[in-house]
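Fair warning: this is a prediction, and the values are worked out from it, not measured in the lab. What you see below is based on every heavy atom in this structure, not just the backbone, and it leaves out hydrogens, waters and symmetry mates.
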Amino acid sequence: MFKRLLVSAFMALTLTACSAKENVSDQHETHTMKPIELDTRVGALAANLYLPEGVENPPVVIVTGAWTTVKEQMPAVYAQALADKGYAAVTFDFRGWGQSEGAVKYLEDPSRKTDDIRAMIDAVAGLDGVDGSRIAGLGVCASSGYMLDAAAGNDKLQAVAVVAPWLHDKAMATAIYGGEESVKNLLAAAADAKHAAEPVVIEAASLTNESSLMYQVPYYTETDRGLIPEYDNQFNVASWTGWLNYDAQQNAATQDKPVLMVASEAMALPAGAHQYLEAAGDNVQAVWFDGVSQFDFYDQPKAVQDSVNAISEHFGVNL
């Protein structure tokens with residue numbers, strides 16, 4: 001069940017990816033980073049705070065990443081680049097991922113992760129060393145939907161940017177994951193996992209394990225990119241319930257924050273970005289780059305820098 005079907009679905013959408021593997025994360029010299037722990041209404045969350053040198057009380061951006069990932073992966077890349085633009089940035093591990101504790105581990109639950117982002121927004125508003133009255137959110141890939149949901153109607157967040165947004169609704173998810181019968185089987189497996197005596201966890205990414213969630217998928221399986229020691233590389237099978245029933249489009253028409261989408265027709269799910277844009281108001285805008293793949297957006301120098309330049313301009317106007 002977790003073999004070729006999931007691999008084919010994910011690879012078909014994303015395998016325009018592999019370009020040069022130079023990572024931008026070691027190229028920054030004008031910021032400092034310190035690990036912190038924030039006591040939020042959902043519990044203690046492990047975080048990293050990036051501060052630009054020579055900037056007093058900068059605005060702060062909360063940065064979140066793709067599904068199954070931790071704060072040291074693509075969130076760190078964007079946090080560093082934003083810090084070099086004069087912004088403070090906070091990356092964090094969601095409950096049950098990375099260094100953050102959680103009663104349920106490795107659960108890709110859009111609702112729970114959205115609640116974590118909302119809790120971080122509240123906590124960051126009182127953080128020393130930043131301007132807690134000027135907060136923005138940046139979501140990459142799957143967390144784009146979570147960030148947009150957390151932003152809508154939230155008076156503490158002033159602006160949002162999303163990069164390579166994966167914004168599926170139930171119809172898209174059903175098509176991506178093999179049709180009605182396949183989704184029915186995945187949801188049944190998730191229900192069984194939820195009621196199992198022990199957590200049902202599979203490997204998230206692997207070059208050799210065909211039963212992994214992402215078999216031979218770039219970035220996640222490359223040790224000089226996403227397959228870093230901090231990465232949990234696990235997926236709780238109970239996640240399918242929340243993931244397959246998630247509708248990232250639901251708040252598009254009522255989105256009240258200024259939003260910038262950074263996208264490409266070569267990314268994994270451009271249809272989701274187009275659908276969101278069609279339903280949203282004039283406050284949601286997009287910049288489209290030619291030929292930039294999903295995984296290029298995660299860590300490739302030109303894609304990241306071009307994205308951050310556009311995001312910095314957007315935040316500069318709205319923060």
Side-chain angles (χ1 to χ4, degrees), residues 4-25 63-69 73-78 81 138-148 160-169 171-178 204-205 207 213-222 224-227 243 246 248-249 252 259-280 284-314:
R4 293 292 181 184
L5 171 63
L6 303 183
V7 172
S8 297
F10 195 83
M11 295 289 280
L13 289 165
T14 57
L15 258 178
T16 52
C18 290
S19 55
K21 298 178 186 176
E22 181 189 358
N23 194 294
V24 303
S25 61
V63 187
T64 55
W67 75 338
T68 80
T69 58
Q73 291 168 297
M74 70 286 291
V77 173
Y78 279 86
L138 169 59
V140 181
C141 190
S143 73
S144 295
Y146 315 158
M147 186 64 72
L148 289 167
V160 180
V162 293
V163 174
W166 176 287
L167 300 172
H168 75 244
D169 59 15
M172 290 181 202
T174 298
I176 291 165
Y177 291 99
L207 291 173
L213 178 69
M214 296 177 285
Y215 174 54
Q216 296 189 343
V217 171
Y219 180 82
Y220 295 92
T221 56
E222 298 173 82
D224 58 343
R225 299 185 72 188
L227 191 59
W243 180 253
Y246 179 51
Q249 302 290 330
V259 175
L260 178 69
M261 288 189 178
V262 179
S264 169
E265 297 294 352
M267 70 184 188
L269 195 59
H274 285 298
Q275 184 169 313
Y276 196 99
L277 286 164
E278 288 170 7
V284 181
Q285 304 291 330
V287 56
W288 294 84
F289 295 138
D290 291 334
V292 182
S293 76
Q294 191 76 12
F295 302 128
D296 285 347
F297 274 121
Y298 290 179
D299 65 352
Q300 296 307 293
K302 179 170 172 44
V304 171
Q305 198 57 58
D306 288 348
S307 298
V308 170
N309 286 342
I311 292 165
S312 178
E313 183 175 346
H314 173 65

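S144 approaches V163 most closely through the heavy-atom pair OG-O, 3.8 Å. The two residues M214 and T221 have their closest heavy-atom pair at O-CG2, 4.3 Å. Of all the heavy atoms in S264 and D290, the pair that sits closest is OG-C, 4.3 Å. Contact between Y276 and A248 at its shortest, heavy atoms only, is CE1-O, 3.5 Å. The two residues T64 and G139 come nearest to each other via the heavy atoms OG1-CA, 3.5 Å. Here the closest non-hydrogen pair linking M74 and A66 is SD-N, 3.5 Å.
In this structure, W243 and Y177 have side chains that are in contact, with non-hydrogen atoms separated by less than 4.5 Å. Side-chain contact between L269 and I176 is present, with at least one heavy-atom pair separated by less than 4.5 Å. Counting heavy atoms from C-beta on, the side chains of L277 and M261 come closer than 4.5 Å. Inter-residue side-chain proximity for M267 and P165 is flagged as met; some heavy-atom pair is nearer than 4.5 Å. Residues Q249 and L167 have side chains in contact (heavy-atom distance under 4.5 Å, counting atoms from C-beta outward). Side-chain contact between V162 and L148 is present, with heavy atoms from C-beta onward closer than 4.5 Å. A heavy-atom distance below 4.5 Å is found between the side chains of V217 and F295. In this structure, V140 and V77 have side chains that are not in contact, with every pair of non-hydrogen atoms separated by 4.5 Å or more.
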Going through the distances and angles, do W166 and W67 end up as a ring pair (Phe, Tyr, Trp, His ring centres under 6.0 Å)? CA-CA 10 Å; W166 176 287; W67 75 338; 7.2 Å; no
Let's go through L260 and V160 carefully: what are the C-alpha distance in whole Å and the side-chain angles of both, what is the deciding distance for side-chain contact (heavy atoms from CB on, under 4.5 Å) to 0.1 Å, and is it a yes or a no?
CA-CA 6 Å; L260 178 69; V160 180; over 6 Å; no
How far apart are the C-alpha atoms of Y146 and Y246, what are their side-chain angles, what is the distance that settles it, and do they pass the ring pair (Phe, Tyr, Trp, His ring centres under 6.0 Å) test? CA-CA 10 Å; Y146 315 158; Y246 179 51; 5.8 Å; yes
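Relative ring orientation between Y298 and Y219 is described as perpendicular, the plane-to-plane angle rising above 60° on a 0-90° scale split at 30° and 60°. H274 and W288 have parallel rings, their planes meeting at less than 30° on a 0 to 90° scale where 60° marks the start of perpendicular.
Distance CG/L227 to CD/E222: 9.0 Å, rounded to 0.5 Å. With rounding to the nearest 0.5 Å, the separation of CD in Q305 from OG in S312 is 9.5 Å. To the nearest 0.5 Å, the span separating OG1 on T69 from OH on Y220 amounts to 6.0 Å.
A distance of 6.0 Å or more separates the ring centres of F297 and Y78.
Other residues, nucleotides and ligands contribute over 12 non-hydrogen atoms within 6.0 Å of the CD atom of E265.
If you check the side chains of Q275 and D169, you find a donor sitting under 3.5 Å from an acceptor.
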